[in-house]
Amino acid sequence: MNDDLINCININKAYSQADEKLIVLSNLSFSVRKGERIGLTGVSGCGKSTLLHILAGLDLPDSGEVNFNGKNIVLLDRDDRATFRNKNIGFVYQFHHLLPEFSAIENVAFPLWLSGESKNNSLREAKEILDKVDLKSKEDSKPSQLSGGERQRVAIARSIINKPSSILMDEPTGNLDNKNVDNFMNLVLDLSKDLNISLIIATHDNNVSSRLDRLLNLE
Ligand SMILES: Nc1ncnc2c1ncn2[C@@H]1O[C@H](COP(=O)(O)OP(=O)(O)OP(=O)(O)O)[C@@H](O)[C@H]1O
Ligand SMILES: [Mg+2]
């Protein structure tokens with residue numbers, strides 16, 4: 001037994017447009033240990049978002065394996081991949097992707113509710129997690145009534161409610177000032193440590209990458 005959570009083997013991904021073929025990922029292999037915190041770096045267009053989408057099962061590679069705990073998610077059908085994702089993976093986007101018509105607490109509760117938990121239990125759990133990210137007083141606020149940093153904390157709370165084994169983040173600090181980047185990283189690293197969650201964070205920000213265990217630079 002080893003303690004790899006994620007093991008990717010020879011991932012290939014290309015996009016074809018008109019008669020051009022754009023190779024984005026070529027025979028990419030790497031692994032991520034349980035609880036390990038990885039930065040995904042590289043110039044704009046090198047394939048960071050593409051890789052995160054493949055790891056989350058939102059997109060498929062042309063070939064190669066994406067193993068989570070030894071199970072290759074590439075072989076699952078669409079529905080099973082969605083179920084797998086909801087249970088095991090948290091995703092935090094650059095622009096948070098909160099549902100605008102729902103309050104903070106409803107946004108956080110949503111993935112748990114979706115996975116079959118009762119609405120009341122989901123809301124109760126969401127309340128506790130909002131407390132963890134220091135947003136107890138904002139639970140009834142809509143995303144439009146929150147600051148950028150607060151929205152990002154709601155998005156983090158939402159990403160951990162199903163107790164995922166890993167959280168994937170795509171440029172999560174793109175809209176935060178330096179002080180909020182520090183706060184964000186303190187929070188995310190604490191949660192990762194407390195809950196033994198692996199992190200894979202695509203970032204251009206040195207204040208983020210310098211605090212992670214290891215960097216994976218895509219060329
Ligand atoms: N659906 C698509 N169809 C065609 N080409 C695509 C598609 N999605 C991405 N690409 C191309 O694939 C390459 C990798 O894109 P990707 O979004 O993964 O880059 P990135 O590393 O996340 O960049 P950034 O740092 O700017 O976010 C880019 O050249 C992009 O134009
Ligand atoms: Mg990107």
Side-chain angles (χ1 to χ4, degrees), residues 5-32 36-68 72-74 76-79 81-82 84-85 88-99 143 148-149 151-156 158-159 164 166-178 180-182 184-185 188-189 192 197-219:
L5 174 69
I6 302 170
N7 184 16
C8 292
I9 305 171
N10 288 330
I11 298 181
N12 288 287
K13 181 73 178 177
Y15 293 109
S16 21
Q17 293 168 313
D19 44 20
E20 293 261 315
K21 190 173 168 199
L22 176 72
I23 296 174
V24 181
L25 303 174
S26 175
N27 285 322
L28 179 68
S29 298
F30 67 97
S31 52
V32 179
E36 194 176 20
R37 289 87 74 99
I38 307 259
L40 201 54
T41 58
V43 296
S44 176
C46 70
K48 301 181 294 296
S49 298
T50 302
L51 178 59
L52 289 179
H53 291 154
I54 289 173
L55 290 175
L58 289 163
D59 198 0
L60 287 171
D62 299 328
S63 64
E65 296 177 17
V66 179
N67 298 295
F68 271 82
N72 184 3
I73 63 166
V74 172
L76 301 176
D77 67 24
R78 202 184 185 79
D79 286 352
R81 279 207 313 278
F84 163 84
R85 180 167 58 249
N88 298 287
I89 296 175
F91 209 104
V92 176
Y93 297 87
Q94 178 171 4
F95 296 103
H96 64 76
H97 286 221
L98 298 174
L99 301 167
R151 283 177 211 162
Q152 208 53 306
R153 267 142 65 204
V154 176
I156 294 167
R158 180 182 56 180
S159 78
S166 59
I167 302 182
L168 313 179
M169 302 190 177
D170 199 353
E171 314 225 10
T173 62
N175 299 297
L176 302 180
D177 59 35
N178 280 344
N180 272 306
V181 171
D182 278 346
F184 174 88
M185 285 309 289
V188 161
L189 293 175
S192 151
I197 297 174
S198 304
L199 301 175
I200 303 182
I201 308 183
T203 185
H204 292 285
D205 189 338
N206 275 334
N207 294 318
V208 174
S209 52
S210 64
R211 297 187 60 186
L212 298 168
D213 300 333
R214 186 154 64 91
L215 300 181
L216 183 65
N217 187 43
L218 293 182
E219 308 208 322

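Atoms within each ligand, like the ligands themselves, are counted from 1 in listed order. Residue indices begin at 1 and follow the sequence shown. Only a predicted model underlies this, so the values are computations on that prediction, with no experimental measurement involved.
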Next item on the list: Run the numbers for me: atoms of ligand 1, each under 4.0 Å from some heavy atom of His204, listed by number.
Entry: 25 (O)
Margin query: At less than 4.0 angstrom from any non-hydrogen atom of Thr50, what atoms of ligand 1 do you find?
Written below: 14 (C), 15 (O), 16 (P), 18 (O)
Notebook entry, point to check: Checking Gln152 side chain against Thr173 main chain: does a donor-acceptor pair fall under 3.5 Å?
Noted result: no
Checklist line | Every N, O or S from the protein that is nearer than 2.8 Å to the Mg ion (ligand 2) | finding: Ser49 OG
Item checked: Any Glu171 heavy atom less than 4.0 Å to ligand 1 -> yes
Note to self: If the condition is salt bridge (charged side-chain N to carboxylate O under 4.0 Å, His left out), which residues does Arg214 pass it with, not counting sequence neighbours?
What the structure shows: Glu36
Next item on the list: For residues Phe91 and Arg158, determine if any side-chain heavy atom of one lies less than 4.5 Å from a side-chain heavy atom of the other.
Entry: no
Notebook entry, point to check: Under 3.5 Å, is there a donor-acceptor pair between the side chain of Ser159 and the main chain of Val92?
Noted result: no
Next item on the list: Looking only at protein heavy atoms, identify the closest one to atom 25 (O) of ligand 1 and say how far it is in Å.
Entry: Lys48 NZ, 2.7 Å
Item checked: Identity and distance of the protein heavy atom lying nearest atom 11 (C) of ligand 1 -> Leu22 CD2, 3.7 Å
Checklist line | Whether over 12 other heavy atoms sit under 6.0 Å from Ile23 CD1 | finding: no
Check: Who gets closest to atom 26 (O) of ligand 1 by heavy atom: Ser44, Ser49, Gly47?
Finding: Ser44
Next item on the list: Would you kindly specify which portion of Leu218 sits under 4.0 Å from ligand 1, judged on non-hydrogen atoms: side chain, backbone, both or neither?
Entry: neither
Checklist line | Partners meeting side chain to side chain donor-acceptor pair (under 3.5 Å) with Asn180 (sequence neighbours left out) | finding: Asp177
Next item on the list: Would you please name every residue forming a ring-ring contact (aromatic ring centres under 6.0 Å, His included) with His97, sequence neighbours left out?
Entry: Tyr93
Check: Which residue holds the protein heavy atom closest to atom 9 (C) of ligand 1, what is that atom called, and what is the gap in Å?
Finding: Tyr15 CE1, 3.4 Å
Note to self: Is atom 17 (O) of ligand 1 touching the protein, meaning some protein heavy atom lies under 4.0 Å away?
What the structure shows: yes
Notebook entry, point to check: When you measure from the side chain of Ser210 to the backbone N and O of Asn206, does any donor-acceptor pair fall under 3.5 Å?
Noted result: yes
Next item on the list: Provide, to 0.1 Å, the distance between atom 14 (C) of ligand 1 and the closest protein heavy atom, together with that atom's residue and name.
Entry: Gly45 O, 3.2 Å
Item checked: Phe84/Ile89 under side chain to side chain contact (heavy atoms under 4.5 Å, CB included): CA gap, chis, key distance, verdict -> CA-CA 8 Å; Phe84 163 84; Ile89 296 175; 3.5 Å; yes
Check: Do you know which of Leu25, Leu28, Leu51 makes side-chain contact (heavy atoms from CB on, under 4.5 Å) with Lys13?
Finding: Leu25
Checklist line | Side chain proximity check, Asn67 to Ile6, heavy atoms < 4.5 angstrom | finding: no
Check: If we only count heavy atoms from C-beta on, is the Ile200 to Leu55 side-chain gap below 4.5 Å?
Finding: yes
Check: What are the atoms of ligand 1, with element, lying closer than 4.0 Å to any heavy atom of Val24?
Finding: 12 (O), 13 (C), 14 (C)
Check: Does ligand 1 have any atom that is closer than 4.0 Å to a heavy atom of Cys46?
Finding: yes
